[in-house]
S.K.: 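This structure is in structure tokens; I'll ask about it shortly.
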Amino acid sequence: MATIHAKRLSLVVLFTALTVRGQNDSSCLSLQGSTACPAFAHYYVGLDALQRFNLVNSTGLPAISALDEALQQYVHSQNDYAVILGCNGSSTPPYARYALSRICTALIQETTTSLPCNYNHSQQPMPLCSDTCSAWVQSVANITIDTTVCPNQQNRNQSLATLATTCSSWDGYDGTAPNCISGSVNEPSNCG
């Protein structure tokens, strides 16, 4: 009798583990084949992270091509840095160097769903190289020094200081070579 009970318990545990694994897979998007995040191809993004950045319009996972398109729209919109800095002078601010690399990192390093997705697939996401993050902040600073792009320079300066601090204070953006993802690897045509 105890043997039958143990077998039933084993089957319940196995079924539960498979169900949880299936649920995790359905809420994790592999970045394999991404053109926006090619250096992140081994990693996963959780559905909640995609929703937090408004990169999905439905409750399901998008195709990787749809995510790539949404990421391109995001980094070429006010949402990437203009809103953060309080800049509203330009409806379409210029692309800031390594913006895609930065957002890809933010997505894979998101703690609620993306990191668990990666761990469930035996992945430990590498951080963005700190010099890539700093290059992004410098690019944003160069673009927003123009008062037609960012009329509120006082707010801009305070927000830039906060962004620069994030490059050295958040583990996701504070990597050192060779144990980090470089913007020049993810965006080789945008390294100069």
Side-chain angles (χ1 to χ4, degrees), residues 28-57 61-85 87 90-111 113-115 117-118 123-144 149-150 159-160 162-192:
C28 299
L29 178 66
S30 169
L31 292 179
Q32 183 70 41
S34 172
T35 57
C37 306
F40 299 80
H42 294 83
Y43 303 124
Y44 295 81
V45 177
L47 180 58
D48 287 353
L50 296 172
Q51 291 170 335
R52 189 166 297 120
F53 282 93
N54 296 316
L55 296 172
V56 291
N57 294 327
L61 291 173
I64 196 67
S65 59
L67 175 62
D68 285 339
E69 184 178 329
L71 287 170
Q72 288 291 345
Q73 289 173 1
Y74 182 88
V75 298
H76 289 92
S77 74
Q78 293 266 345
N79 294 327
D80 186 41
Y81 62 85
V83 171
I84 296 167
L85 299 181
C87 304
S90 173
S91 60
T92 306
Y95 179 79
R97 182 180 183 201
Y98 299 139
L100 280 170
S101 299
R102 185 177 170 273
I103 188 73
C104 294
T105 300
L107 289 172
I108 67 164
Q109 295 281 347
E110 185 272 334
T111 58
T113 59
S114 294
L115 284 177
C117 284
N118 283 291
Q123 296 295 324
Q124 173 68 49
M126 285 197 295
L128 189 67
C129 296
S130 62
D131 60 346
T132 296
C133 186
S134 296
W136 176 80
V137 172
Q138 187 59 53
S139 178
V140 169
N142 292 342
I143 292 166
T144 58
V149 174
C150 196
S159 298
L160 278 172
T162 301
L163 290 175
T165 299
T166 303
C167 292
S168 60
S169 65
W170 186 53
D171 291 342
Y173 293 154
D174 191 24
T176 54
N179 300 312
C180 60
I181 297 173
S182 173
S184 62
V185 172
N186 190 59
E187 302 176 65
S189 62
N190 189 22
C191 61

S.K.: Could you check if a side-chain atom of Leu67 sits within less than 4.5 angstrom of a side-chain atom of Leu50, using non-hydrogen atoms only?
M.R.: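 A side-chain contact under 4.5 Å exists here.
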S.K.: Please examine the side chains of Trp136 and Leu128, heavy atoms only from C-beta on, and report whether any two atoms are closer than 4.5 Å.
M.R.: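 SC-SC contact between Leu128 and Trp136 ruled out.
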S.K.: Say you draw a straight line from CG of Asn118 to CG of Leu31; how long is it, rounded to the nearest 0.5 Å?
M.R.: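 Here the rounded value is 8.0 Å.
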S.K.: With a 3.5 Å distance limit and no angle check, can you tell me whether Tyr95 reaches the backbone of Leu100 through a side-chain donor-acceptor pair?
M.R.: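 Yes; at least one donor-acceptor contact below 3.5 Å.
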S.K.: Kindly compute the distance separating OG (Ser34) from CG (Asn186), expressed to the nearest 0.5 Å.
M.R.: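 CG of Asn186 is found 7.5 Å from OG of Ser34.
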S.K.: Give the minimum heavy-atom separation between Ala135 and Arg97, together with the two atoms involved.
M.R.: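 Between these two residues, the closest heavy atoms are CB-NH1, 4.1 Å.
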S.K.: Tell me, do Ile143 and Tyr81 make a side-chain contact under 4.5 Å, heavy atoms counted?
M.R.: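 The answer is yes, as the side chains (C-beta and beyond) meet within the 4.5 Å cut-off.
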S.K.: Can you tell me how far OG of Ser30 sits from CD1 of Ile64, rounded to the nearest 0.5 angstrom?
M.R.: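 The CD1 atom of Ile64 sits 6.5 Å away from the OG atom of Ser30.
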S.K.: Please enumerate all residues that pass side-chain contact (heavy atoms from CB on, under 4.5 Å) together with Thr166, with sequence neighbours excluded.
M.R.: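 Result, side-chain contact (heavy atoms from CB on, under 4.5 Å) vs Thr166: Trp170, Tyr173.
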S.K.: Could you tabulate the donor-acceptor pairs under 3.5 Å formed by side-chain atoms of residues 36-44, not counting sequence neighbours?
M.R.:
unit_1	atom_1	unit_2	atom_2	d
Tyr43	OH	Met126	N	3.3

S.K.: How long is the straight-line distance from CG of Asp171 back to OG of Ser130, given to the nearest 0.5 Å?
M.R.: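 If I round to the nearest 0.5 Å, the distance is 11.5 Å.
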S.K.: I want to check something: taking the side chain as every heavy atom from C-beta on, are Thr113 and Leu47 in contact at a cut-off of under 4.5 Å?
M.R.: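 SC-SC contact between Thr113 and Leu47 ruled out.
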S.K.: Is any side-chain heavy atom of Pro125 closer than 4.5 Å to a side-chain heavy atom of Leu115?
M.R.: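 They are in side-chain contact.
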S.K.: Find the distance between CG (Asp174) and SG (Cys133) and round it off to the nearest 0.5 Å.
M.R.: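 So the gap between those two atoms works out to 8.5 Å.
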S.K.: How would you list, by chain and number, every residue that makes a side chain to side chain donor-acceptor pair (under 3.5 Å) with Asp48, sequence neighbours excluded?
M.R.: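 In terms of side chain to side chain donor-acceptor pair (under 3.5 Å), with neighbours along the sequence ignored, Asp48 is linked to no residue.
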S.K.: Checking Leu160 against Thr144 for the side chain to side chain contact (heavy atoms under 4.5 Å, CB included) test, could you report, in this order, the C-alpha distance in whole Å, the side-chain angles of both residues, the deciding distance, and whether it holds?
M.R.: CA-CA 10 Å; Leu160 278 172; Thr144 58; 4.3 Å; yes
S.K.: Regarding Asp68 and Gln72, is there a side-chain donor-to-acceptor distance under 3.5 Å anywhere?
M.R.: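 Looking only at side-chain atoms, Gln72 and Asp68 do not form any donor-acceptor pair under 3.5 Å.
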S.K.: Would you name the heavy atoms of Ala96 and Ser139 that are closest together and state the gap between them?
M.R.: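 What the structure gives for the nearest pair is CA-OG, 3.4 Å.
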S.K.: For Thr105 and Ser101, indicate whether the former's side chain and the latter's backbone hold a donor-acceptor pair under 3.5 Å.
M.R.: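 Side chain of Thr105 to backbone of Ser101, a donor-acceptor pair under 3.5 Å: yes, one is there.
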S.K.: Suppose we screen for side-chain contact (heavy atoms from CB on, under 4.5 Å). Which residues come up paired with Asn79, at least two apart in sequence or across chains?
M.R.: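 With neighbours one apart ignored, the set is Tyr74, Ser77, Val83.
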S.K.: Test of understanding: with side chain to side chain donor-acceptor pair (under 3.5 Å), list the residues that count as partners of Thr132, not counting sequence neighbours.
M.R.: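 Scan of Thr132 (side chain to side chain donor-acceptor pair (under 3.5 Å), adjacent residues dropped) gives none.
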S.K.: Side-chain contact test, heavy atoms from C-beta onward, threshold under 4.5 Å: evaluate it for Gln138 versus Asn142 and give yes or no.
M.R.: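 They are in contact (side-chain heavy atoms under 4.5 Å apart), so the answer is yes.
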S.K.: Measure across Gly46 and Ser114 and return the closest heavy-atom pair with its distance rounded to 0.1 Å.
M.R.: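 Closest heavy-atom pair between Gly46 and Ser114: N-OG, 2.8 Å.
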S.K.: Provide the closest heavy-atom pair for Ala106 versus Phe53 in the form atom of the first, atom of the second, distance.
M.R.: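 For Ala106 versus Phe53, the nearest heavy atoms are CB-CZ, 3.9 Å.
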S.K.: Not counting sequence neighbours, which residues clear side-chain contact (heavy atoms from CB on, under 4.5 Å) with Glu69? List them please.
M.R.: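 Residues passing side-chain contact (heavy atoms from CB on, under 4.5 Å) with Glu69: Gln73.
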S.K.: To the closest 0.5 Å, what do you measure between CZ (Arg102) and CG (Leu163)?
M.R.: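 Spacing of CZ (Arg102) from CG (Leu163) equals 6.0 Å.
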